[in-house]
Amino acid sequence: MEVTEGGVTVEVEGARDGASEGRADEVFYNPEMELNRDVTVAVLRAYAERESRAETYLDAMAASGVRAARAAAEGYDATAADVDDDAVALAGRNLAPYGGEALQRDANALLHEGFFDVVDVDPYGSPMPFADAAVAGTRNLLCVTATDTAPLCGAHFDSGVRRYDTVPRNTEYHPEMGLRVLIGALVRRAASRDKAAVPICSHVSRHYARTYLELEANATDATATLEELGFVHHCEDCLERDHEFGRLPDVPEDCPHCGSNRVLTAGPIWLGPVADAGFTERVADEVTDDMGEAARARSMLQTVAAELDTPTHYDQHRLCKQWTRPAVGMDEFVAALREAGFAASHAHYSGTAFKSDATVAEMREATAELG
Ligand SMILES: [Zn+2]
């Protein structure tokens with residue numbers, strides 16, 4: 001069958017009925033990822049203005065080639081690589097009208113041999129088996145998807161430890177924990193090659209985390225990126241959390257807020273901004289109405305651009321349950337925090353997610369008159 005996304009028409013093979021597992025169903029075309037691809041195109045448009053020398057684009061796990069075809073339609077010199085011969089044949093047919101090329105190559109081999117200005121790593125599961133080659137073979141912008149959200153957020157603890165070489169913790173801000181585990185692991189992998197990786201746009205949507213890292217081959221800058229890593233200490237009883245930058249954590253024995261001994265420490269994770277606000281606003285402006293997920297993409301990107309840079313978010317419903325109080329509208333809740341003098345913003349991780357520099361106790365007081 002044929003599908004059209006963002007003005008690009010490609011031939012695809014959809015997911016087989018009743019099958020939910022494994023790569024076979026992800027190989028050719030995943031409509032769930034249309035939002036991801038729409039945002040990718042908007043990022044590619046905004047990035048062309050930010051870095052005019054960026055011309056070549058590689059989708060290292062191309063499948064149907066739809067993402068590479070959309071990059072080619074934007075004027076990038078696009079390459080679609082895949083190990084599967086059916087995928088390469090299909091991607092080649094889909095790229096031909098837009099001037100791109102399909103290669104039957106292993107992503108790691110290809111990325112260790114040469115450079116591409118923009119590299120997209122969109123595997124089924126964890127991107128970490130490709131991370132070293134990806135940072136080696138990317139000149140400017142590395143775009144990474146991870147769909148293994150349970151390991152990333154600490155729900156599957158041991159596999160999270162193995163893949164991301166960190167301590168992930170299962171908290172009520174699990175989408176952000178996952179994103180920060182992912183960015184932290186990629187930043188460290190880049191630093192091992194004397195490259196600085198800085199996230200300029202990121203989001204977590206449904207079943208995946210996605211980040212766009214700008215790379216700079218500079219050892220001093222790479223060291224500076226490591227200073228943005230650190231630890232979060234989270235109290236499972238009162239929900240207060242603190243964070244500290246650095247390579248060695250000073251783990252509290254008890255919660256400094258309530259005295260509970262149920263304190264979880266996560267890290268090292270990325271504690272810095274997950275997006276460049278100005279760039280992300282430009283990305284939102286590059287979303288066009290020919291995109292199938294235009295409305296969601298714009299709204300999400302505007303929320304990401306306006307989010308506070310605190311390393312964890314709160315969930316209003318979780319807090320209100322804790323306080324045995326009915327939840328109220330998010331706009332009203334965030335406004336009450338601001339009126340009380342705190343910084344506060346919505347957060348894109350869920351409809352009830354928000355960020356604030358207030359402590360849980362301060363938020364409780366500031367919103368006591370609501371509801
Ligand atoms: Zn506590």
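Keep in mind that the numbers below use all heavy atoms, side chains included, and drop hydrogens, waters and symmetry copies. First listed ligand is number 1; within each ligand, the first listed atom is number 1. Along the sequence shown, residues carry numbers from 1.
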Stacked cation flag R50 on F279, 6.0 angstrom / 45 deg: yes
Distance flag, aromatic centroids of Y349 and H313, threshold under 6.0 Å: yes
Whether Y208 and H203 hold their rings parallel, tilted or perpendicular, with breakpoints at 30° and 60°: perpendicular
Metal proximity, H257 vs the Zn ion (ligand 1), N/O/S cut-off 2.8 Å: no
F116 ring center within less than 6.0 Å of Y57 ring center: no
Angle in degrees, rounded to 10°, that SG of C238 and SG of C258 form at the Zn ion (ligand 1): 110°
Apex the Zn ion (ligand 1); atoms C235 SG and C255 SG; angle rounded to 10 degrees: 110°
